[in-house]
Amino acid sequence: MSKKLPKDVKPATGTSSQQQFFKDVWDVVMQVPRGRVTTYGAIAAYLGSKMSARMVGWAMNAAHTQHHVPAQRVVNRMGMLSGKAHFGTPTRMQELLEADGVTVKDDRVLNFTTLFWDPAKELEL
DNA sequence: TTACTGACGCCTT
DNA sequence: AAAGGCGCCAGTA
């Protein structure tokens with residue numbers, strides 16, 4: 001308890017902290033209901049680091065080898081399947097989303113605004 | 001060792 | 001209105 005950090009700012013550099021960030025991201029993504037989608041920024045904001053939306057993407061990449069995380073339910077703020085290239089096959093992400101009942105057209109989630117699942121709102125604590 | 005890129009998003013021009 | 005730049009953190013060259 002030596003230093004007092006701002007309430008909405010977590011210790012970024014602290015060895016295990018960054019790994020905790022990844023784990024936290026996975027936890028949120030795994031809570032995304034089937035048929036819904038969320039965004040990197042929404043997760044980052046929910047974790048208290050909205051500026052680090054990029055790191056959420058890296059967390060997903062790591063999640064691919066760690067746990068079964070429905071990364072296909074995570075898209076960018078425009079509803080585009082920006083991470084489709086990391087699903088082994090170019091169509092894997094779309095197929096997984098359609099399997100969840102989400103319609104994808106031209107690498108974009110249809111009715112994205114309606115299907116958008118915000119952890120800070122749906123999961124609001 | 002430094003520099004650049006990258007599953008993003010917001011601000012400025 | 002649209003386009004570009006900057007910031008975040010980590011991994012890789």
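None of these values were measured; they are calculated from a predicted model. A, B, ... follow the sequence lines: proteins, then strands. Residue 1 opens every chain.
Within the 4.5 Å cutoff, side-chain heavy atoms of Leu115(A) are placed close to those of Val102(A). Using a 4.5 Å heavy-atom cutoff, the side chains of Thr38(A) and Arg73(A) are not in contact. Two residues are said to be in side-chain contact when any heavy atoms from C-beta on lie closer than 4.5 Å; Asp107(A) and Met80(A) fail this criterion.
Applying the side chain to side chain contact (heavy atoms under 4.5 Å, CB included) criterion to Thr91(A), with sequence neighbours excluded, gives Thr89(A), Glu95(A). For Trp117(A), the ring pair (Phe, Tyr, Trp, His ring centres under 6.0 Å) test picks out no residue, with sequence neighbours left out.
Among the heavy atoms of the strands lying under 4.0 Å from Asn76(A) are primed sugar atoms or P, OP1, OP2 only; no base atom is included.
Per the geometry, NZ belonging to Lys50(A) stands 12 Å off C1' belonging to dG7(C), to the nearest Å. When rounded to the nearest whole Å, the span between CH2 of Trp58(A) and P of dA10(C) equals 12 Å. Between the CZ atom of Arg54(A) and the C1' atom of dG7(C) there is a distance of 8 Å, rounded to whole Å.
Contact footprint of chain A on DNA chain B: nucleotides with an atom under 4.0 Å from a non-hydrogen protein atom, first to last in 5' to 3' order, dG6(B) to dC10(B).
Across the C1' atoms, dA3(C) and dA7(B) are found 23 Å apart, a figure rounded to whole Å. If you take atom C1' in dA1(C) and the same atom in dC8(B), they sit 22 Å apart, rounded to whole Å. dC6(C) and dA3(B): their P atoms are spaced 16 Å apart (whole Å).
Two different hydrophobic clusters hold Val56(A) and Phe116(A) under the rule that ILVMFWY side chains link at heavy-atom gaps under 4.5 Å.
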